[in-house]
Amino acid sequence: MVTIPENGIRTRPPIRERLANRLTAAIACGLREPGKYADGNGLWLMVEGPHRRRWYFRFMRDGKERAMALGDANLITLAEARELHTEARKLLAHGIDPLDQRHQQKAADNSVRPTITTFADAAAAYLTMHEAGWRNPKHRQQWRNTLAETYPAIGAIPVRDIDTDHVLQVL
């Protein structure tokens with residue numbers, strides 16, 4: 001794309017502008033021939049078959065070439081892939097490796113996962129929350145004993161997995 005300003009001197013846009021955004025949404029959706037197709041600035045569409053296409057970002061970090069998957073091209077549009085690509089490039093500009101950042105984020109997400117509550121844990125929590133309302137000590141003990149009888153059968157089973165057969169087993 002050559003522009004001719006009023007002074008008549010031909011100029012070309014900077015090389016980065018010429019190399020970026022080569023693909024259009026229509027072209028990206030229509031590509032079915034296996035191969036790698038560059039959008040520019042490290043954003044690539046890899047087509048492995050008519051229904052297997054994915055976006056990825058290729059970049060250099062510490063002298064090594066790295067590739068970061070951005071997602072399935074059948075689910076992520078070209079515009080969304082460009083947004084993900086821009087975010088990854090921003091991280092690189094700040095000296096942060098986007099792949100390392102992703103791995104750290106996943107590790108943090110895995111450490112925050114909720115724990116699986118077993119029936120014994122849920123029963124203990126219930127007793128702790130409600131026994132203050134039971135004024136009779138014998139009544140408190142009856143609750144504890146009744147629930148303790150169920151522990152051998154269902155105490156170690158996660159609450160979400162307890163079904164009718166488990167309840168019938170206890171009864």
Side-chain angles (χ1 to χ4, degrees), residues 1-129 154-163 166:
M1 161 165 74
V2 177
T3 58
I4 303 173
E6 291 178 17
N7 62 8
I9 300 173
R10 292 179 159 218
T11 60
R12 295 182 77 176
I15 187 113
R16 283 211 180 266
E17 288 180 25
R18 285 183 279 147
L19 295 178
N21 301 335
R22 291 187 210 166
L23 297 175
T24 64
I27 291 172
C29 287
L31 289 171
R32 298 288 184 238
E33 185 69 28
K36 295 178 185 177
Y37 301 91
D39 184 49
N41 293 330
L43 179 60
W44 289 79
L45 174 63
M46 179 182 286
V47 179
E48 296 172 343
H51 303 291
R52 179 117 166 92
R53 305 165 336 114
R54 57 191 166 123
W55 295 105
Y56 69 99
F57 172 44
R58 287 178 51 190
F59 61 97
M60 295 291 287
R61 179 80 174 155
D62 299 327
K64 296 178 183 175
E65 184 176 325
R66 305 204 59 193
M68 178 178 166
L70 299 178
D72 186 340
N74 296 317
L75 303 174
I76 296 176
T77 65
L78 174 60
E80 293 168 334
R82 285 179 177 160
E83 287 177 22
L84 294 170
H85 169 251
T86 301
E87 291 300 318
R89 285 178 46 98
K90 284 180 185 176
L91 289 173
L92 275 176
H94 288 86
I96 301 168
D97 187 319
L99 275 174
D100 292 344
Q101 170 101 9
R102 178 184 283 176
H103 294 298
Q104 290 171 358
Q105 184 66 37
K106 282 186 179 179
D109 289 348
N110 287 341
S111 67
V112 179
R113 279 190 179 166
T115 57
I116 297 173
T117 305
T118 64
F119 180 79
D121 296 337
Y126 179 85
L127 290 172
T128 302
M129 287 174 46
I154 62 172
I157 299 174
V159 172
R160 67 175 182 228
D161 295 339
I162 294 176
D163 58 14
H166 291 111

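Just so it is clear, the values below take in all heavy atoms, side chains as well, and ignore hydrogens, waters and symmetry mates. The residues of the chain are indexed from 1 along the displayed sequence. Please read these numbers as outputs of a predicted model, since none were measured by experiment.
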Chemist: Return yes if some donor-acceptor pair links the side-chain N/O of Asp72 with the main-chain N/O of Arg54 below 3.5 Å, else return no.
Modeler: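 Answer holds: no.
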Chemist: Please name the pair of heavy atoms, one in Met68 and one in Pro98, separated by the smallest distance, quoted to 0.1 Å.
Modeler: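 The answer is SD-CB, 3.5 Å.
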Chemist: Give the intermediate values and the outcome of side chain to side chain contact (heavy atoms under 4.5 Å, CB included) for residues Phe59 and Leu92.
Modeler: CA-CA 9 Å; Phe59 61 97; Leu92 275 176; 3.7 Å; yes
Chemist: Check the pair Leu84 / Ile76 against side chain to side chain contact (heavy atoms under 4.5 Å, CB included), numbers first and verdict last.
Modeler: CA-CA 10 Å; Leu84 294 170; Ile76 296 176; 4.3 Å; yes
Chemist: Which pair of heavy atoms, one from Tyr37 and one from Val47, lies closest together, and at what distance?
Modeler: CE1-CG2, 3.7 Å
Chemist: Please check: side-chain N/O of Asp163 versus main-chain N/O of His166, any donor-acceptor pairing under 3.5 Å?
Modeler: yes
Chemist: Quick one: closest heavy-atom pair of Trp55 and Ala28, and the distance?
Modeler: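 Closest approach of Trp55 to Ala28: CH2-CB, 4.1 Å.
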Chemist: At their closest point, which heavy atom of Tyr56 faces which heavy atom of Ala69, and how far apart are they?
Modeler: CB-CA, 4.0 Å
Chemist: Check whether Arg160 reaches the backbone of Thr117 with its side chain - one donor and one acceptor, N or O, closer than 3.5 Å.
Modeler: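 Here the side-chain-to-backbone pair does not exist.
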Chemist: Can you tell me how far the CD1 atom of Ile154 sits from the CG atom of Asp161, to the nearest 0.5 Å?
Modeler: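 Rounded to the nearest 0.5 Å, the CD1-CG separation comes out at 11.5 Å.
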Chemist: Just checking, is any N or O donor in the side chain of Asp100 or His103 under 3.5 Å from an acceptor N or O on the other one?
Modeler: no
Chemist: Where is the tightest heavy-atom contact between Leu31 and Arg53, given as atom of each residue plus distance?
Modeler: O-CD, 3.4 Å
Chemist: Considering residues, nucleotides and ligands other than Arg52, do more than 12 of their heavy atoms fall under 6.0 Å from its CZ?
Modeler: no
Chemist: Indicate the ring-plane relationship of Phe57 and His85, choosing parallel, tilted or perpendicular according to the 30° and 60° boundaries.
Modeler: perpendicular
Chemist: Is there a salt bridge (charged side-chain N to carboxylate O under 4.0 Å, His left out) between Asp97 and Arg66? Walk through the geometry before answering.
Modeler: CA-CA 10 Å; Asp97 187 319; Arg66 305 204 59 193; 2.4 Å; yes
Chemist: Near Met129 CE, under 6.0 Å, is it more than 12 heavy atoms from other residues, nucleotides or ligands?
Modeler: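 Open.
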Chemist: Drop me the distance from Thr118's OG1 to Asp121's CG, to the nearest 0.5 angstrom.
Modeler: 3.0 Å
Chemist: For the atom pair CZ (Arg102) and CG (Leu91), what is the distance rounded to the nearest 0.5 Å?
Modeler: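 Answer for the CZ-CG pair, Arg102 versus Leu91, is 10.5 Å.
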Chemist: Nearest 0.5 Å, what's the CZ-NZ distance between Arg58 and Lys36?
Modeler: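 Answer rounded to 0.5 Å: 5.5 Å.
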Chemist: Determine, stepwise, if the pair Leu45 / Leu78 fulfils side chain to side chain contact (heavy atoms under 4.5 Å, CB included).
Modeler: CA-CA 9 Å; Leu45 174 63; Leu78 174 60; over 6 Å; no
